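What follows is a set of notes on a single structure, which appears directly below.
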Amino acid sequence: MPDDREAWRQEAVLVLARAIRKTEGRIDLKFRMPHRVGVLPVDSEALEPYLIAKLDNNGTTYVVCSRALPHLGDPVCVDRSEA
């Protein structure tokens with residue numbers, strides 16, 4: 001059984017795939033490696049994980065985070081239940 005961090009990573013990859021399918025129309029794309037995973041401080045006792053993945057097409061970058069990041073532009077919202 002995965003721990004909370006592993007469960008979050010699995011969910012983030014699924015959300016990433018859904019966002020790519022929604023914006024690019026396909027998910028068989030190449031990524032630059034390595035992806036970045038980190039945490040944002042929310043307050044003195046909480047951290048919010050995020051995932052950054054960059055396509056190998058000289059530009060498209062995806063950020064998966066459950067918190068709003070308005071400084072990054074308009075988000076592509078993906079419902080967790082989308083297939």
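The structure displayed is predicted, hence computed values, not measured ones.
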inquiry  = Checking side-chain contact (heavy atoms from CB on, under 4.5 Å) between V64 and each of V13, L14, V37, L51, which is the one that passes?
reply    = L51
Evaluation steps, side chain to side chain contact (heavy atoms under 4.5 Å, CB included), between L47 and V42 = CA-CA 5 Å; L47 298 172; V42 176; 5.8 Å; no
Value rounded to 0.5 Å, distance of CG in L40 from CG in L69 = 6.5 Å
note = Rounding to 0.5 Å, atoms CG (D4) and CD (E11) come to a distance of 12.5 Å
task = Report the distance from atom CD1 of I52 to atom CG of L16, rounding to the nearest 0.5 Å.
result = 11.5 Å
key: Smallest separation among heavy atoms of Y50 and W8, with atom names   = C-CH2, 3.4 Å
note = In short, C65 meets P49 closest at the heavy-atom pair SG-O, 3.7 Å
